[in-house]
Amino acid sequence: DQQVKQNSPSLSVQEGRISILNCDYTNSMFDYFLWYKKYPAEGPTFLISISSIKDKNEDGRFTVFLNKSAKHLSLHIVPSQPGDSAVYFCAASGGSGYALNFGKGTSLLVTP
Amino acid sequence: DTGVSQNPRHKITKRGQNVTFRCDPISEHNRLYWYRQTLGQGPEFLTYFQNEAQLEKSRLLSDRFSAERPKGSFSTLEIQRTEQGDSAMYLCASRLEGSPAGQYFGPGTRLTVT
């Protein structure tokens with residue numbers, strides 16, 4: 001049973017514009033959420049995280065928004081760059097030290 | 001390079017053989033995790049260690065899978081009597097308990113069972 005869902009398998013955005021990647025979760029016990037980026041033949045790279053006590057966390061061009069009532073989070077990348085082209089995974093856990101539950105990923109393509 | 005390393009990067013084996021993968025975490029990280037990723041899916045949690053203690057192993061896929069971290073440093077994941085369905089990428093991650101950062105992943109070991 002997929003507890004973390006990324007319903008868009010792919011997204012294409014022009015360079016300089018905003019990329020918005022979405023994620024929904026079903027388990028109300030999740031209280032720690034992360035985004036990872038993955039290039040082919042590499043392991044996932046940690047991007048940004050947010051705990052359930054916050055609704056927004058920002059790190060440079062990356063901002064994660066959490067809507068607990070809707071069980072929804074999103075990753076905003078502004079401005080998007082061609083080097084951002086990768087697969088982005090949303091992950092959630094019941095606590096920051098525990099196992100991560102991943103979505104299936106969204107493949108982002110940023111075109112020049 | 002002080003990241004998480006995994007060896008081998010690729011392993012091809014015949015059905016029925018045993019395989020063992022190694023993970024070396026970031027040196028100060030006391031938590032170590034194993035995941036499996038198949039095509040088109042996100043990583044799927046298998047097991048994790050805090051130092052040498054294996055705290056969760058109920059998600060190992062079958063009793064053919066086992067993991068160890070004998071001295072609280074590197075870890076090994078063994079699959080006995082491999083099956084074609086075991087073909088996947090096996091990922092290791094580590095984390096320092098109490099750190100706000102996420103788990104740091106290695107490059108993975110790609111297993112192909114023929």
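Protein chains get the first letters and strands the later ones, always in sequence-line order, with residue 1 at the start of each.
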Student: Surrounding CZ of Arg64(B) (heavy atoms of other residues, nucleotides or ligands, distance under 6.0 Å), is the total greater than 12?
Tutor: yes

Student: Measure Gln6(B) against the heavy atoms of chain A and call it side chain, backbone, both or neither at under 4.5 Å.
Tutor: neither

Student: Phe33(A), Phe65(A): one ILVMFWY side-chain cluster at the under-4.5 Å cut-off?
Tutor: no

Student: Around Glu68(B), counting heavy atoms of other residues, nucleotides and ligands shown, do more than 12 lie under 6.0 Å from its CD?
Tutor: no

Student: Just how far is it from atom CG of Asn101(A) to atom CZ of Arg59(B), taken to the nearest 0.5 Å?
Tutor: 5.5 Å

Student: Can you name the closest pair of heavy atoms from Phe46(A) and Gln103(B) and give their distance?
Tutor: CB-O, 4.1 Å

Student: Could you state whether Phe49(B) and Leu96(B) fall into the same hydrophobic cluster, counting links through intermediate Ile, Leu, Val, Met, Phe, Trp or Tyr residues with side-chain heavy atoms under 4.5 angstrom apart?
Tutor: no

Student: Is it true that Ile48(A) and Tyr39(A) fall in one hydrophobic cluster, defined by side-chain heavy atoms closer than 4.5 Å?
Tutor: no

Student: Check each atom of Arg9(B) against the heavy atoms of chain A and say whether the ones under 4.5 Å are side chain, backbone, both or neither.
Tutor: side chain

Student: Counting C-beta onward and ignoring hydrogens, is there a side-chain heavy-atom pair between Tyr35(B) and Phe102(A) closer than 4.5 Å?
Tutor: yes

Student: Give me the atom names and distance for the closest heavy-atom approach of Gly43(A) to Leu91(B).
Tutor: CA-CD2, 4.1 Å

Student: At a heavy-atom separation under 4.5 Å, does Glu56(B) approach chain A through its side chain, its backbone, both, or neither?
Tutor: neither

Student: Among the clusters formed by ILVMFWY side chains lying less than 4.5 Å apart, do Val19(B) and Trp34(B) turn up in the same one?
Tutor: yes

Student: Taking every non-hydrogen pair under 4.5 Å, which of Pro107(B), Pro43(B), Cys92(B), Gly42(B) racks up the most with chain A?
Tutor: Pro43(B)

Student: Heavy atoms, side chains only, cut-off 4.5 Å: are Tyr48(B) and Tyr98(A) in contact?
Tutor: yes

Student: Please indicate whether Lys5(A) has more than 12 foreign heavy atoms, meaning atoms of other residues, nucleotides or ligands, lying under 6.0 Å from its NZ.
Tutor: no

Student: With rounding to the nearest 0.5 Å, note down the distance linking CZ in Phe105(B) to NZ in Lys38(A).
Tutor: 10.5 Å

Student: Under a 4.5 Å cut-off applied to non-hydrogen side-chain atoms, are Phe89(A) and Gln37(B) in contact?
Tutor: yes

Student: Would Phe21(B) end up clustered with Leu61(B) when hydrophobic side chains under 4.5 Å apart are linked, directly or stepwise?
Tutor: yes

